[in-house]
Amino acid sequence: MSGDSLPLAVSLSQVGTGSCEVTVLYSELHKPLLRYLVCLGLSSDEAQDVVQDAFVALQRHVTSGGSQENIRSWVFRVAHNRARNHQSSYHRRLSESFNAELHTVPNATTPEQLVLQKEKIRRLAKALQSLTKNERECLSLRAAGLRYREIAEVLGVPASTVAGTVDRTIRKLAGKCHV
Amino acid sequence: MCEFSEKLIAWLDRELPAENAANVARHVDICAECRNHLDVYRRVSETIDAYCDARLASSVERRSNPLAGRLAYTAIALAAAAALFFFLARPDEHLRSRFSAAPDGSPAIAQKAPVVAAPNVEKMPPAASASLRKPKRIKTEPLRRTPAPLTAWPSRNANWLPSEAPVYIAIPADALFPPGAFPEGVGFVADVNWRPDGSAQRLRLQPQLIGFETRGTRP
């Protein structure tokens with residue numbers, strides 16, 4: 001089942017206690033989650049499905065009295081693992097996800113800005129191809145606004161590893177992108 | 001390289017403990033090299049953000065117009081099919097002129113155009129003929145008939161030997177064009193003309209709604 005926010009809104013409206021927190025969390029994390037999943041290579045429909053699944057799981061988690069500590073990383077971890085269930089597209093597209101042609105560049109108001117921005121993104125996309133899967137996942141989670149500790153929880157690695165990976169990846173990209 | 005450079009990205013991400021962050025902040029104020037590095041890292045981070053935004057926007061755009069990509073594929077496929085048809089049709093035109101009726105009403109081929117290799121086929125020993133016809137994947141019969149003179153416009157089968165049955169090969173559309181370019185169930189029937197030496201002379205593709213289980217030779 002796919003759709004914009006409607007299916008998820010229906011699911012959340014049906015829940016009772018705790019739905020307020022989940023709804024607030026949904027409005028906060030919906031877009032970053034979608035962005036992260038699309039950057040992993042999922043299609044828009046698949047990303048919507050995964051986000052919906054993640055929040056349904058969150059609702060069950062909350063109503064069953066599960067821990068609400070580090071709930072942001074919990075949602076991202078669930079979404080990350082469910083994204084991997086889309087095996088056919090995940091592995092195929094992770095390698096090519098940064099290779100896709102971009103038709104839309106937000107925040108480009110003039111044609112010159114659009115061209116410059118596209119060129120920057122094109123160079124970045126080329127540089128991103130040289131990264132490992134772990135480096136790209138780290139970078140995508142960082143771009144989704146997660147702290148190093150949260151990224152570590154999502155990926156199941158130590159926070160120091162995340163810090164080192166982010167540091168190394170940004171330097172690598174800075175050396176290749178010339179932005 | 002400055003000893004603080006390893007902490008710059010973590011400082012930029014506000015990931016350092018307060019005490020370390022204060023040290024780095026004081027150092028950045030006085031170190032031009034670190035400020036330069038920070039500027040580069042900040043720009044890379046902004047570009048990554050812009051890239052992720054663009055990917056999301058492009059993804060949503062594609063989703064909101066799901067037919068666009070399919071129509072583009074279909075247009076490309078149709079253009080390719082048209083080009084293929086055009087080039088394959090040209091020999092047909094050539095054959096039309098060869099086989100068009102003469103002013104006296106008799107078939108032109110009987111007077112002017114030599115029947116390609118037909119006399120040689122008749123003279124060939126059956127074994128040699130069979131070996132030359134080997135590439136053809138249909139059940140062959142020994143050539144024993146003299147090609148009858150063509151008395152009427154032979155349509156697209158003009159250069160077939162009259163004793164031969166046409167070969168129809170059903171090809172799924174997905175084997176020729178990108179997946180999704182044609183609706184499921186659409187395929188092509190390849191209409192193949194063979195030269196007497198067994199090589200393919202002309203291939204004509206006709207889109208059809210077909211059941212692919214019907215592939216094979218049909219009369």
Side-chain angles (χ1 to χ4, degrees), chain A residues 2-4 31-32 34-48 97-98 100-108 117-118 120-125 127-128 139-140 142-149 151 159 162-164 166-179, chain B residues 1-21 23-24 28 33-73 76 174 178-180:
Chain A
S2 299
D4 283 317
K31 191 178 172 189
L34 271 183
R35 208 168 79 137
Y36 170 63
L37 295 168
V38 166
C39 281
L40 281 187
L42 268 64
S43 71
S44 182
D45 282 345
E46 289 168 336
Q48 291 278 3
S97 63
F98 295 98
E101 185 184 352
L102 299 170
H103 302 285
T104 308
V105 177
N107 305 325
Q117 193 76 344
K118 274 194 172 180
K120 267 188 195 177
I121 291 176
R122 191 191 62 76
R123 281 208 300 259
L124 178 75
L128 286 167
L139 214 57
S140 300
R142 175 180 177 267
L146 266 63
R147 311 299 303 264
Y148 289 2
R149 178 180 50 79
I151 297 173
V162 172
V166 169
D167 187 71
R168 185 177 62 248
T169 308
I170 297 280
R171 284 170 195 280
K172 207 189 278 188
L173 292 177
K176 291 186 175 181
C177 280
H178 312 295
V179 290
Chain B
M1 184 179 278
C2 181
E3 60 175 326
F4 278 84
S5 66
E6 291 181 357
K7 298 178 182 174
L8 288 177
I9 293 173
W11 180 73
L12 191 67
D13 288 347
R14 303 177 195 277
E15 294 284 351
L16 289 180
E19 193 179 329
N20 286 352
N23 287 339
V24 174
V28 166
E33 182 188 344
C34 284
R35 280 202 302 277
N36 188 38
H37 281 313
L38 272 177
D39 197 33
V40 171
Y41 300 152
R42 202 171 275 128
R43 285 205 300 270
V44 170
S45 298
E46 286 170 0
T47 309
I48 292 169
D49 278 346
Y51 172 79
C52 290
D53 284 340
R55 274 203 63 85
L56 181 60
S58 295
S59 164
V60 171
E61 187 185 64
R62 276 197 298 273
R63 184 175 179 277
S64 66
N65 190 7
L67 279 179
R70 181 161 295 188
L71 286 177
Y73 272 131
I76 292 169
D174 282 354

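Worth knowing before you read on, the calculation uses all heavy atoms, side chains too, and leaves out hydrogens, waters and symmetry mates.
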What pair of heavy atoms forms the shortest contact from A:Arg171 to B:Tyr41, and how long is it? NH1-OH, 2.7 Å
Between A:Arg149 and B:Glu15, is the side chain to side chain contact (heavy atoms under 4.5 Å, CB included) condition met? List the steps. CA-CA 9 Å; A:Arg149 178 180 50 79; B:Glu15 294 284 351; 5.8 Å; no
Salt bridge check: are A:Arg35 and B:Asp49 linked by an N-O gap of less than 4.0 Å? yes
Can you tell me how far the CZ atom of A:Arg147 sits from the CZ atom of B:Arg14, to the nearest 0.5 Å? 8.5 Å
Side chains of A:Arg123 and B:Thr47, donor plus acceptor under 3.5 Å: no
Answer yes or no: does atom CD of B:Glu33 have more than 12 heavy-atom neighbours from other residues, nucleotides or ligands under 6.0 Å? yes
Output for pair (A:Arg142 CZ, B:Cys52 SG), nearest 0.5 Å, gives 10.5 Å
Which atoms of A:Ala163 come close to chain B, meaning under 4.5 Å heavy atom to heavy atom: side chain ones, backbone ones, both, or neither? neither
So if I apply the side-chain contact (heavy atoms from CB on, under 4.5 Å) rule between B:Ile48 and each of A:Ile170, A:Thr169, A:Leu128, which one comes out positive? A:Ile170
Can you tell me how far the CG atom of B:Asp53 sits from the CD1 atom of A:Ile121, to the nearest 0.5 Å? 8.5 Å
Distance in Å, A:Leu173 CG paired with B:Ser45 OG, rounded so as to fall on 0.5 Å steps: 9.0 Å
Here the gap from A:Tyr148 atom OH to B:Ile9 atom CD1, rounded to the nearest 0.5 Å, amounts to 6.5 Å
How far does CZ of B:Arg55 sit from CG of A:Leu40, to the nearest 0.5 angstrom? 9.5 Å
